[in-house]
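Every chain is numbered from 1 and lettered A, B, ... according to where its sequence line falls, protein lines coming before strand lines.
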Protein chains: 2
Amino acid sequence: MSTKSVQPKNIDTRDRILDAAEELFVEHGFAATSLRAIATRADVNLAATNYHFGSKMGLLGSVFHRHIFPVNEERLKRLKALERSERSLTLNEILEALFLPLIEGLPHERLPALMGRIFSEPESITKPIIEKEFAEVAARFQAAIVKVLPDLPIEILRWRFHLMIGSMIHMLKFQSPIGSEYSRDMFTKGIEELINYSVAGLSRGQNLQGNPDQQVNHQEISK
Amino acid sequence: MSTKSVQPKNIDTRDRILDAAEELFVEHGFAATSLRAIATRADVNLAATNYHFGSKMGLLGSVFHRHIFPVNEERLKRLKALERSERSLTLNEILEALFLPLIEGLPHERLPALMGRIFSEPESITKPIIEKEFAEVAARFQAAIVKVLPDLPIEILRWRFHLMIGSMIHMLKFQSPIGSEYSRDMFTKGIEELINYSVAGLSRGQNLQGNPDQQVNHQEISK
DNA sequence: GTCTATACGCCGATAGAC
DNA sequence: GTCTATCGGCGTATAGAC
């Protein structure tokens, strides 16, 4: 109780650095953002960033983790709730569990832009972060999607999942289509449209199970 | 005829810089690639890059333009050929005109990765380049797509076009889905899958005209 | 016209004083 | 926990060699 009390000064410094770094990373990207610019905006000494986070990469990891972790928890929670129902799921509800936590359950307002930017960085930067933060989410959702599209060859499904992630990243990066103004409603509409678009793309040529109001598209799978 | 002869030394230097820059930009991104690393790999003096291209941004523009220009010419050529036919086009043939030039007609083998990387850079870098290289292609193809999806509200179509571009960028960036090895065949398969996926996503809920073998998906447009 | 040497003010990181 | 001083490397610009 005595020596373990919180040090408000430290916590303040840490959070000010995280806030400043987040804004600058989103705007200019990781490599083009200097620790000096971050320190100036956060009104802390240059060396403080290195003391608290070890390196610029460590800072990026902390910036990202603080917002994405609760979203990924919510995603898994929703998927597990669906799977507990023991009926066969629809593609639509799986994708809602994946994408709606980006706008529901109070995610930080800067998370979408931050995700869009970080996923766009070179692989050397994204790889360790994505493996740490998304390994479980990606594996579980991909497995759930395989179950509702049992006739789709796995190599086709891999491509389609990949294409869906690309749509998501691009959508998060801009949060409104080119030529339109950003608004909270516009972004919500975009998430809905991302779900619709992904359902159509993933299920093309497949008979969707367990969803009587979704009709079938009988086109051949490829070629 | 006399003084206008080519200077091989100059041309060699310019091209060596372009080749070296291209490889390093793809691997590490724009901001993380130093002019010193480029000059070293190209075996030229540091200042040569500035002499030939004015700045690092100028170099990026030249690197990109030399490969994307012929591809965009081919795209427009194919679209114009389709439009000259004076029948109503299918979404599928429009998207083939847009995406097949990435694998047909001998585009440079490093173009896909280069496109994927450049489109992923922060907006301050991509904006002038995209406006210069893609303004006409984007406008013409979007107009062609509007024509074959006349009942789709324009704000929905904008979102879907945006989502399609995101899929393309992500696909070009990795050229094989996560967990698969790259091969030329794999990439070709990916372009085909991109076309299929985009046709399904763009036309969701719409009656496709002029394409009797494509069936209709009667789901509501959104929600 | 083509290229080189050099210099300026930034950068990320760190060692050590307080 | 914070700060100053300092390191080698960075993008860019330019003066002048050839």
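Contact annotation: Y51(B) reaches the phosphate of dT2(C) (side-chain N/O to OP1 or OP2, under 4.0 Å). For dT2(D), one of the phosphate oxygens OP1 or OP2 lies less than 4.0 angstrom from a side-chain nitrogen or oxygen of H52(A).
Computed from coordinates, the L60(A) CG to dG12(C) P distance equals 13 Å when rounded to whole Å. Distance, I38(A) CD1 to dC10(C) P: 17 Å, rounded to whole Å. dG12(C) atom P lies 17 Å from atom NE2 of H28(B), rounded to whole Å.
Distance alone, capped at 3.5 Å, is enough to place a donor-acceptor pair between the R75(B) side chain and the L98(B) backbone.
Counting any heavy atom pair closer than 4.0 Å across all strands shown, A48(B) reaches a base atom.
By the 4.5 Å heavy-atom criterion applied to side chains, M115(A) and H67(A) are not counted as neighbours.
Within a 6.0 Å radius of CZ in F69(B), other residues, nucleotides and ligands contribute 12 heavy atoms or fewer.
One finds no salt bridge joining K80(B) and E83(B) here, because no Lys/Arg side-chain nitrogen approaches an Asp/Glu carboxylate oxygen to under 4.0 Å. Between R140(B) and E136(B) there is a salt bridge, since at least one side-chain N of the basic residue sits less than 4.0 Å from a carboxylate O of the acidic one.
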Mark up nucleotides 11-18 of chain D, 5' to 3', with B wherever a protein heavy atom is under 4.0 angstrom from a base atom, S wherever such an atom reaches only the sugar-phosphate, and - elsewhere.
BBSB----
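Under the 6.0 Å cut-off for aromatic ring centres, F64(A) and F30(A) do not qualify, their centroids lying 6.0 Å or more apart.
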